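Read through the structure below, which is laid out as structure tokens, and then see the notes.
In the text below, chain A, chain B and the rest are named by the order of the sequence lines, each starting its count at 1. As the structure is a computational prediction, the values presented were derived from the model and not from experiment.
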Protein chains: 2
Amino acid sequence: MEKVTIATVARRAGVSRQTVSNVLNTPDVVREETRERVREAIAELGYRVNQAARQMRTGRSRLIAVRIEPANDGINGSVLDRFLHGLTDAAGLAGYRVMLYTAAGDDDEIATYEELLSAYDLDAFVLTSTHHGDPRTSWLAGRDIPFVTFGRPWGAPDTHSWVDVDNASGTTAATERLLATGHRRIGFLGWPAGSGVGDARREGWARALGAAHLLGSSAGVEDGVDTGAAAARGLLAAEPDTTALVCASDSLALGALEAAREMGRDCAVIGFDDTAVARAIGLTSVSQPLAEAAGRCMDLLRELLDGRAPSAPTHVLLPPSLVLRQTA
Amino acid sequence: MEKVTIATVARRAGVSRQTVSNVLNTPDVVREETRERVREAIAELGYRVNQAARQMRTGRSRLIAVRIEPANDGINGSVLDRFLHGLTDAAGLAGYRVMLYTAAGDDDEIATYEELLSAYDLDAFVLTSTHHGDPRTSWLAGRDIPFVTFGRPWGAPDTHSWVDVDNASGTTAATERLLATGHRRIGFLGWPAGSGVGDARREGWARALGAAHLLGSSAGVEDGVDTGAAAARGLLAAEPDTTALVCASDSLALGALEAAREMGRDCAVIGFDDTAVARAIGLTSVSQPLAEAAGRCMDLLRELLDGRAPSAPTHVLLPPSLVLRQTA
DNA sequence: TCCAGGAATTTGATCGTTCAAGACCTTGGA
DNA sequence: TCCAAGGTCTTGAACGATCAAATTCCTGGA
């Protein structure tokens, strides 16, 4: 099986290399009849463009890079993985491929950008886990490298396109559900103030309560089942009339469930992220539309890469959905 | 910031392109002093080889491909994700990058191989989820394309290198643990016969029981919490003296736990895969050394890619470990 | 002093594609 | 009849690296 190049196709179709290239890249400049002939030759020979050669000439690789977390073990770790699955699908459909990398910290990640850009000519990056004071976005923006973030730029100037899930509306929906089923004293179990995502989730709960002219207490602890259980015990003990808890994660929710069971309290619980754990134990949870988010990220990237970038960056905010199970 | 090529470096160091190339690829043919001078120039300029150009000449891309499952939702889905994390790490250390792809079925996957090979000149593939009658391995082997499987070639002729976890020894360890803690009637909750992995897990349990001259019953059902619960109910009802269950997955184990609780039976349960769910609910589970497996896969691949392939394929069988928690 | 022979370095060609520019046809209006 | 203007197709050069062969530089023995 000889290697089939553009020259092979050209010979077979009786045209020049460039004409074949034109059929591939700018079909409209080639006469109908010729175009067909070339297409047949391509099909017969099973020709495929060699990306490396194309890339050398055009500087574009049709590759996008995403970071994969080193080896997170938590209940919530799977969220990014699910996003990754969606992104790989969406990229494939758009003719791109996803390349993975790991990095220990933001600076290391930036070093990796340099490496990937110069070695592999990466076309674009998708960033996840954006946070306050994130140096990555400004580094990329400063070099005009196409990128999209999954997660809005917390605090940073809003100069790039992003996709995010409306965290607040998720907890609002959760709280409203609890209100609708008769709960009147609804607490919130979240993370310490300061993380954008966590604050938003708390905010959504507070907003729903406010709209119903109700009050509720909240706690902020590091994520985890045990920390969640401890915090929930505290909350439930301090407020005997609390009958429901909205939680910022499934881990916390699981802890809350444990605490309530221990204390013999009947307490509805709603988690966040709809992880495997939630599905397994029947925990009602707020579900992020990760596949859709990935698809939208890819859409935005294509805009950037095709040069038809809108003058202003685009922001996509997706509504999460509430998955009802036994716990609420 | 001008683009730095090998020619830039050569000029700066006062040598020819080829000498720079030699410093990079075959340092021993370059005189010590020259080598140093070139290395300095490389460092000063921040030069990095352009993979596309190198690849065009050498035909090697330093890229390896792995399939990522479309978007599996189950409790057990995360196993492959964790393997993927490890592989990305190991590949990075060895100077390779991981490229992802998805495929719907084996034939589609083979089509993707063709695409990836001709378009991106992939160096190697890592296959997961090997199964009986897997057409992928023979396709790759027939074309002399380097690959390793994570999972042994069930049934197929054993002509390639692979890494696998010793499933049987995992359930053996689990069963022995139960025996050591006094259980005498230990059941097994697994999948229908025919899947290599499932059969091996059952086999490990049976072996341990046999060594202790004991008997036990087993059930085989599709993976899932509900199916597991149903099967466990059946087993426990039929055998009032069963006090422990070894399960082929955490999903089944979770179901077993549910069933036992419902029935008011005190029953030890051990799952398999040490998923997030197991950690979350305190389920004792057999843990696969996924990071190590990924590392070994990478080692085998490097052997193949560096041409120092052993004449016979290498097989690596890793022992899993038992993670003790509350349920056993 | 000269030369053989190995070590160190350089030169030209090449990988497969696309860009830029030029060549070749048609067609139609002057 | 001739030429301008498009439309269509072809030709060389270039991208940045490595291979293969050629060249220069050394060293030491005759």
In this structure, how many angstroms lie between the [atom2] atom of [N] and the [atom1] atom of [X], rounded?
X: B/Ile42; N: D/dA17; atom1: CD1; atom2: P; value: 10 Å
X: A/Asp121; N: D/dA17; atom1: CG; atom2: C1'; value: 13 Å
X: A/Tyr120; N: D/dC15; atom1: OH; atom2: P; value: 23 Å

Check your understanding: Would you say the side chains of B/Tyr101 and B/Glu109 form a donor-acceptor pair under 3.5 Å?
Key ->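 Judged by distance alone, the side chains do pair up.
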
Mind listing the N/O atom pairs, protein and nucleotides 14-16 of chain C, below 3.5 Å?
{"from": "C/dT14", "atom 1": "O2", "to": "B/Arg57", "atom 2": "NE", "distance (Å)": "3.4"}
{"from": "C/dT14", "atom 1": "O2", "to": "B/Arg57", "atom 2": "NH1", "distance (Å)": "3.3"}
{"from": "C/dG16", "atom 1": "OP1", "to": "A/Lys3", "atom 2": "NZ", "distance (Å)": "3.4"}
{"from": "C/dG16", "atom 1": "N2", "to": "A/Ala53", "atom 2": "O", "distance (Å)": "3.4"}

Review point. Short question: side chain of B/His160, backbone of B/Asp158 - any donor-acceptor pair under 3.5 Å?
Key: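 Flag not set: sc B/His160 to bb B/Asp158 has no pair under 3.5 Å.
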
Practice item. Decide yes or no for B/Asp106 and B/Trp139: does some side-chain heavy atom of the first lie under 4.5 Å from some side-chain heavy atom of the second? Key: no

Exercise for review: From the options B/Thr5, B/Ile6, B/Val9, select the one residue that forms a side chain to side chain contact (heavy atoms under 4.5 Å, CB included) with B/Arg17.
Suggested key: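 Of the listed options, the one satisfying the test is B/Ile6.
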
**Study point:** Distance-minimising heavy-atom pair for B/Pro319 and B/Pro289
**Key:**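 Closest approach of B/Pro319 to B/Pro289, heavy atoms only: O-CG, 3.7 Å.
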
Point to revise | For A/Arg54, side chain to side chain contact (heavy atoms under 4.5 Å, CB included) partners two or more places apart | key: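 Here the qualifying residues are A/Asn25, A/Val49, A/Gln51, A/Thr58, A/Arg62.
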
Practice item. Using heavy atoms and a sub-4.0 Å distance, could you list which residues of residues 13-36 of chain A are near DNA chain D? By number, please. Key: A/Val15, A/Ser16, A/Arg17, A/Gln18, A/Thr19, A/Val30, A/Arg31, A/Thr34

**Study point:** Candidate pair A/Arg152 and A/Thr130, rule side chain to side chain contact (heavy atoms under 4.5 Å, CB included), full reasoning
**Key:** CA-CA 7 Å; A/Arg152 76 196 76 184; A/Thr130 50; 5.9 Å; no

**Study point:** Aromatic centroids of B/Trp162 and B/His315 separated by under 6.0 Å
**Key:**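 For B/His315 and B/Trp162, the ring centres are under 6.0 Å apart.
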
